[in-house]
Colleague: 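Here it is, the structure, as structure tokens.
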Amino acid sequence: MRKLIMIFVVFVVSSIFSTTSGEAAVAPVTQHIAFQDQLLDFSEIKVINEDTKVPLEEIAAHLDIPFEIEKGITYIRKNGIEISYIETSQLTSKNGVALDWTPIVKVNGKIFISVEYIASEIGYKVKSFEKHKTQRIYKEDWTYMSHENFEIYLNIILNKKQPSPAKSKANVYLTFDDGPNKFTAINNSILKKYNAKATFFFLGNHMKKNASIINTVVKDGHYIGTHSMTHDKSKVYLSSESFINEMMEGKKLIKKMTGKDTKLVRTPYGSKPHLTTAMKDELVTNGFKLWDWDVDSNDWKYTEKEVNKIIQNVQVGVEKAYKSGDQDIIILLHDRSQTTKALPQIIEWLQKEGYTLKTYEPDHHIVQNFLRDTTL
Ligand SMILES: [Zn+2]
């Protein structure tokens, strides 16, 4: 039986690769091409003689490669090099010297070019992710996600998982810093739409003008912690006295405006390296708990046109934390316009993946601080 199968397999494989008219052998495989941190869209990706090729005009648009076709010859000119392809002879040349292989081919009237070839010729690197059949084009001196994180990202978006696992994978705590402001109201309404709970760390100096937003947040069941009064590094961290005053004032204002006792703080810019031992001791003495975060969305860095980056940071960070065994994952976000744009997709993804979105529960405090201090 095994022999029969083998013969069959050989037959099928050889039919795929057979070349009847001297045309290139085309293997039908689902391939993906990425550029920096994003997957690129191509109408067709072909593996021809074990080399991944894409339509020239499409990759030219993605990578900004000028090309022109004159009398059956395709010219690519960039960075002082000239690559030419002659259709009749199917010959590719670089700076007038013919190559001994075919990085460029014409299939069904369309010109395809080798991804690896064109990327490296114009100064990019290419990393192959075998498991995900992905070639990633990148430039080392541009900022990009590490290959390790990018592989996690590929796993997330290329492995279509079963919808809504019955059992929760882990708890996720969305936390929003720097409000209240008009984006707090938007974030709150998005959370409501998805029946999701979150935690807000408000700035005392922004609270006074935003009473109605604060009331809505409280009414909808989210926890409010303090993020200091001023957020001003030079004031908050000036001394342990100024530090604890900022936190105590924030706490008092929350009590005054919402009637709620809060004990949770997120210190501006995170506890490390700003918090001194004396400041930490003041927090403990005054009954505070402190939350840093497990996953930084880095949302503040991006514009409204880059919301995909925010979503990607959350997805990769959460998957990493979950795989490391974390059952309570805290995500840092801000009340900003770009975050409101990213939030629906973030929540949809978390819920689809089976995470439970929770607000801070003071009776079940979870220790999460960069100081690894269990008294906080
Ligand atoms: Zn902040």
Side-chain angles (χ1 to χ4, degrees), residues 165 167-180 183-184 186-203 214 217-227 250 254 258 260-272 283 288-300 310-336 339-340 342-374 376:
K167 202 169 135 276
S168 172
K169 273 165 93 171
N171 297 321
V172 166
Y173 300 85
L174 299 176
T175 65
F176 297 89
D177 286 10
D178 296 359
F183 303 111
T184 312
I186 301 171
N187 284 336
N188 187 72
S189 64
I190 294 168
L191 289 164
K192 193 166 189 161
K193 182 185 163 195
Y194 292 98
N195 196 24
K197 293 287 178 268
T199 305
F200 290 83
F201 291 101
F202 284 160
L203 290 170
I214 296 167
V217 170
V218 171
K219 185 170 64 62
D220 288 339
H222 309 294
Y223 194 88
I224 296 175
T226 186
H227 192 43
I254 290 168
T258 70
K260 304 259 182 198
D261 284 308
T262 189
K263 66 172 185 181
L264 195 62
V265 303
R266 170 162 293 144
T267 54
Y269 311 98
S271 65
K272 224 173 175 176
L283 284 178
F288 282 111
K289 297 289 183 187
L290 180 150
W291 258 10
D292 285 310
W293 53 86
D294 297 296
V295 176
D296 190 349
S297 69
N298 274 309
D299 54 353
W300 58 273
I310 303 171
I311 299 163
Q312 200 174 38
N313 287 342
V314 170
Q315 291 174 324
V316 170
V318 168
E319 284 293 288
K320 267 182 123 168
Y322 174 66
K323 284 200 178 106
S324 77
D326 195 346
Q327 281 293 302
D328 293 289
I329 303 166
I330 300 166
I331 304 177
L332 173 63
L333 298 155
H334 293 82
D335 284 327
R336 292 190 184 221
T339 313
T340 65
L343 189 58
Q345 278 175 268
I346 289 173
I347 298 175
E348 280 170 29
W349 179 78
L350 288 167
Q351 292 182 333
K352 178 177 71 75
E353 290 293 310
Y355 293 101
T356 305
L357 292 164
K358 284 191 170 183
T359 186
Y360 176 70
E361 291 170 348
D363 296 337
H364 302 99
H365 175 71
I366 294 148
V367 175
Q368 165 45 276
N369 61 80
F370 300 148
L371 308 169
R372 295 171 185 271
D373 189 314
T374 53
L376 281 177

Colleague: Check salt bridge (charged side-chain N to carboxylate O under 4.0 Å, His left out) between Lys272 and all other residues, then give those that pass, not counting sequence neighbours.
Modeller: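 So Lys272 forms no salt bridge (charged side-chain N to carboxylate O under 4.0 Å, His left out) with any residue.
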Colleague: Of all residues at least two apart in sequence or in a different chain, which pass the salt bridge (charged side-chain N to carboxylate O under 4.0 Å, His left out) check with Asp177?
Modeller: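 For Asp177, the residues satisfying salt bridge (charged side-chain N to carboxylate O under 4.0 Å, His left out) (neighbours in sequence not counted) are Arg266.
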Colleague: So, for Gly270 and Asp292, which heavy atoms are closest and what is the spacing to 0.1 Å?
Modeller: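 Shortest heavy-atom contact: CA-OD1, 3.4 Å.
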Colleague: Does Thr175 reach the main-chain N or O of Ile331 with its side chain, forming a donor-acceptor pair under 3.5 Å?
Modeller: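 Here the side-chain-to-backbone pair exists.
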Colleague: With rounding to the nearest 0.5 angstrom, report the CD1 to CD distance, Ile346 to Gln315.
Modeller: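 Result: 8.5 Å between the selected atoms.
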Colleague: Does atom CH2 (Trp349) have a neighbourhood of more than 12 heavy atoms from anything else shown, all under 6.0 Å?
Modeller: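 Buried by this count: over 12 neighbours within 6.0 Å.
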Colleague: On a heavy-atom basis, which atom in Thr359 and which in Ala198 lie closest, and how many Å separate them?
Modeller: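 Nearest heavy atoms, Thr359 then Ala198: OG1-O, 2.7 Å.
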Colleague: How close do Leu333 and Ser297 get, heavy atom to heavy atom, and via which atoms?
Modeller: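 That closest heavy-atom pairing would be CD2-OG, 3.6 Å.
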Colleague: Nearest heavy-atom pair of His222 and Ala196: which atoms, and what distance?
Modeller: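 Residues His222 and Ala196, closest heavy atoms: CE1-O, 3.4 Å.
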Colleague: When the side chains of residues 363-373 are checked against the rest of the protein, which donor-acceptor pairs come out under 3.5 Å, sequence neighbours left out?
Modeller:
unit_1 : atom_1 : unit_2 : atom_2 : d
His365 : ND1    : Tyr360 : OH     : 2.7
His365 : NE2    : Leu376 : O      : 3.3
Gln368 : NE2    : Asp294 : OD1    : 2.4
Asn369 : OD1    : Leu371 : N      : 3.1
Asn369 : OD1    : Arg372 : N      : 2.9
Asn369 : OD1    : Asp373 : N      : 2.9
Asn369 : ND2    : Asp373 : O      : 2.8
Asp373 : OD1    : Thr375 : N      : 2.7
Asp373 : OD1    : Thr375 : OG1    : 2.4
Asp373 : OD2    : Lys280 : NZ     : 2.7

Colleague: Taking the side chain from Thr262 and the backbone from Ile224, do they hold a donor-acceptor pair closer than 3.5 Å?
Modeller: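 Pair found, side chain donor or acceptor close to backbone of Ile224.
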Colleague: Taking all atoms of both residues into account, what is the closest heavy-atom pair of Leu264 and Phe201, and its distance?
Modeller: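 Shortest heavy-atom separation between Leu264 and Phe201 comes out as CD2-CZ, 3.5 Å.
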Colleague: Tell me whether Glu319 is salt-bridged to Lys169, with the criterion being a basic N under 4.0 Å from an acidic carboxylate O.
Modeller: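 Judged by the 4.0 Å cut-off on N to carboxylate O distance, Glu319 and Lys169 do form a salt bridge.
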